[in-house]
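Counting begins at 1 with the first residue of the sequence. Computed from a prediction, not measured in an experiment: that's the story for all the values here. All ligand and atom numbering here is 1-based and tracks the order in the structure.
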Amino acid sequence: MVSVDAWGLSVVGPNSQKALQVGSDMGATRRAIVELLATGPKSGPEIADELAISRNAVWKHITALRDQGFEIEGRPDGYHVTEVPEFGGDAVAFGLDTPYTIQYEPTLASTNHRARELAADGMTDVVVLADQQTGGRGRLDRTWASPTGGIWLSILISPDRPPADMSLFTFAAAIAIVDTVAEHGVTAGIKWPNDVLAGPEEHKLAGILTELEGEADRVSWVIIGIGLNANIDPEVLPAESTSLQSLIGTVNRRSVTQAVLHRFEELRAAPEQILPAWRKRAYTLGREVRVDTYAETIYGRAVDIEPPGALIIETETGTRRVTTGDCQHLRAIQDEN
Ligand code: BTN
């Protein structure tokens with residue numbers, strides 16, 4: 001058993017179970033209907049033929065989707081979706097162009113915990129999503145406040161890469177969040193290793209907890225847990241946290257979640273872009289920092305990031321390369337010149 005604790009990474013024994021189908025047959029059929037309707041209007045008979053189900057079954061699923069908040073108009077050329085609920089599994093799946101199956105629960109202890117259970121059952125390419133978590137976990141065994149209104153999700157994938165490369169996925173998630181909130185007019189940046197900060201006081205908007213299982217040369221699975229304070233009153237969040245609600249008002253969590261997942265996929269397909277993109281969005285680089293590692297506290301100026309995600313710090317006694325630790329920004333140095 002290997003244990004890595006750099007970005008909340010933990011590596012345990014191998015997992016060789018076979019992939020399983022996510023969700024019940026009913027849920028899978030409804031999701032297939034949602035995915036079909038996202039491509040354009042479809043008539044009841046077309047859906048029935050495509051999915052090999054009865055027209056009566058199609059009608060029942062359409063009724064269930066309407067009960068969830070989908071507005072679906074029956075017109076001569078078929079069913080048209082005119083309104084999608086703000087959040088939920090079917091809502092996020094509608095129009096999502098990624099290889100993931102969305103598994104949604106209104107309340108979970110922890111999406112990372114649920115994703116670990118799915119991984120143990122051999123599943124992969126799943127996004128576990130919740131409206132609230134009762135036992136949300138952060139890095140370094142901290143708790144993570146996860147009230148209703150946030151975006152709490154875990155991406156479960158099985159990349160054919162060594163454990164050392166996994167920090168790239170953590171970085172990709174942070175970049176995806178920064179780029180997504182930028183589309184909503186929020187300027188955000190990354191504090192090493194993976195906190196997304198925003199607002200004039202650079203408070204914490206999002207965090208990432210990555211966990212994995214594998215052997216020295218290859219991972220079995222990796223879970224990238226993303227917590228984004230979306231529609232949450234910052235009063236109920238820990239000190240020095242912020243939320244999209246307090247920065248720009250209420251957002252549509254469905255479109256934010258989809259944008260994060262789409263951007264994450266873009267970066268996963270172009271891993272050579274991840275470190276350069278991270279550097280451009282980093283608040284830490286060029287700053288005076290204090291980094292607490294297990295063994296010591298290091299003060300200095302953060303100057304770069306190196307594979308697999310180590311922070312390079314210039315200290316009074318020389319250059320240090322730190323792979324794990326808790327980083328605090330001390331003061332801006334741009335006014336030294
Ligand atoms: C941190 O900054 O300490 C990381 C926070 C990660 C929180 C997310 S919310 C979704 C997923 N499930 C969890 O229990 N934790 C991660």
Side-chain angles (χ1 to χ4, degrees), residues 4-10 87 89 92 100 102-119 126-157 166-167 169-178 180-181 188-198 202-212 221-232 234 236-244 253 256-257 260-261 264 278 281-284 291-292 309 311 324-329:
V4 180
D5 193 1
W7 298 276
L9 298 184
S10 58
F87 205 48
V92 170
Y100 304 121
I102 306 291
Q103 218 184 71
Y104 173 78
E105 296 287 344
T107 304
L108 279 173
S110 156
T111 56
N112 266 37
H113 186 265
R114 170 59 62 86
R116 286 182 82 110
E117 291 173 348
L118 299 179
V126 180
V127 170
V128 181
L129 184 67
D131 172 53
Q132 63 175 341
Q133 299 182 118
T134 53
R137 294 185 297 118
R139 290 178 62 237
L140 308 171
D141 279 333
R142 292 173 182 146
T143 58
W144 179 261
S146 319
T148 180
I151 296 174
W152 322 123
L153 68 85
S154 300
I155 304 170
L156 165 62
I157 50 177
M166 293 308 109
S167 56
F169 295 120
T170 307
F171 289 162
I175 296 162
I177 296 166
V178 170
T180 297
V181 301
I190 305 166
K191 177 167 80 94
W192 182 88
N194 55 23
D195 288 351
V196 176
L197 309 181
E202 295 187 0
H203 282 171
K204 185 155 168 172
L205 177 66
I208 297 153
L209 175 66
T210 301
E211 299 177 286
L212 64 93
W221 49 256
V222 58
I223 293 165
I224 303 107
I226 297 176
L228 172 55
N229 301 329
N231 298 333
I232 302 176
V236 302
L237 291 171
E240 304 198 1
S241 298
T242 190
S243 68
L244 290 177
R253 286 181 294 163
V256 172
T257 305
V260 168
L261 294 175
F264 179 80
W278 191 96
R281 291 154 184 79
Y283 279 170
T284 301
V291 179
D292 292 300
L311 186 66
T324 181
D326 208 23
C327 174
Q328 284 178 46
H329 294 162

Taking C-beta and beyond as the side chain, do Ile208 and Ile224 meet within less than 4.5 Å on heavy atoms? yes
Looking at His329, I'd like to know if its NE2 atom is crowded, meaning that more than 12 non-hydrogen atoms belonging to other residues, nucleotides or ligands lie closer than 6.0 Å. yes
Quick one, Pro238 and Trp144 - any side-chain contact, counting heavy atoms below 4.5 Å? no
So the atoms of ligand 1 within less than 4.0 Å of a heavy atom of Ser110 turn out to be 12 (N), 13 (C), 14 (O)
Do Ile226 and Ile151 have side-chain heavy atoms sitting under 4.5 Å apart? no
Flag side-chain contact, heavy atom, 4.5 Å: Pro193 against Thr170: no
Would you mind listing which atoms of ligand 1 come within a distance below 4.0 Å of any non-hydrogen atom of Asp195? 2 (O)
Any heavy atom of Gly136 sitting closer than 4.0 Å to ligand 1? yes
protein heavy-atom neighbour closest to atom 5 (C) of ligand 1 works out as Trp144 CE3, 3.4 Å
Rounded to the nearest 0.5 Å, how far apart are CG of Asn194 and CD1 of Ile175? 11.5 Å
Among all the protein's non-hydrogen atoms, which is closest to atom 15 (N) of ligand 1, and how far away is it? Arg137 O, 2.7 Å
Just to be sure I read this right, does ligand 1 sit under 4.0 Å from the backbone of Asn194, its side chain, both, or neither, counting only heavy atoms? neither
For atom 10 (C) of ligand 1, tell me which residue out of Thr170, Thr111, Leu108 has the closest non-hydrogen atom. Thr111
Judged by heavy atoms only, the candidate from Leu228, Ile226, Ile208 nearest atom 4 (C) of ligand 1 is Ile208
Quick one: pull up CG in Leu153 and CZ in Arg114 and give me the separation to the nearest 0.5 Å. 14.5 Å
protein heavy-atom neighbour closest to atom 3 (O) of ligand 1 works out as Arg139 N, 2.7 Å
Considering the heavy atoms of Leu153, write down every atom of ligand 1 situated less than 4.0 Å from one of them. 10 (C)
Which protein heavy atom lies closest to atom 9 (S) of ligand 1, and at what distance to 0.1 Å? Gln133 NE2, 3.3 Å
Can you tell me the protein heavy atom closest to atom 2 (O) of ligand 1 and the distance? Lys204 NZ, 2.6 Å
What atoms of ligand 1 come within less than 4.0 Å of a heavy atom belonging to Gly138? 1 (C), 3 (O), 4 (C), 5 (C)
Is any side-chain heavy atom of Val128 closer than 4.5 Å to a side-chain heavy atom of Leu156? no
Is any side-chain heavy atom of Asp326 closer than 4.5 Å to one of Trp192? no
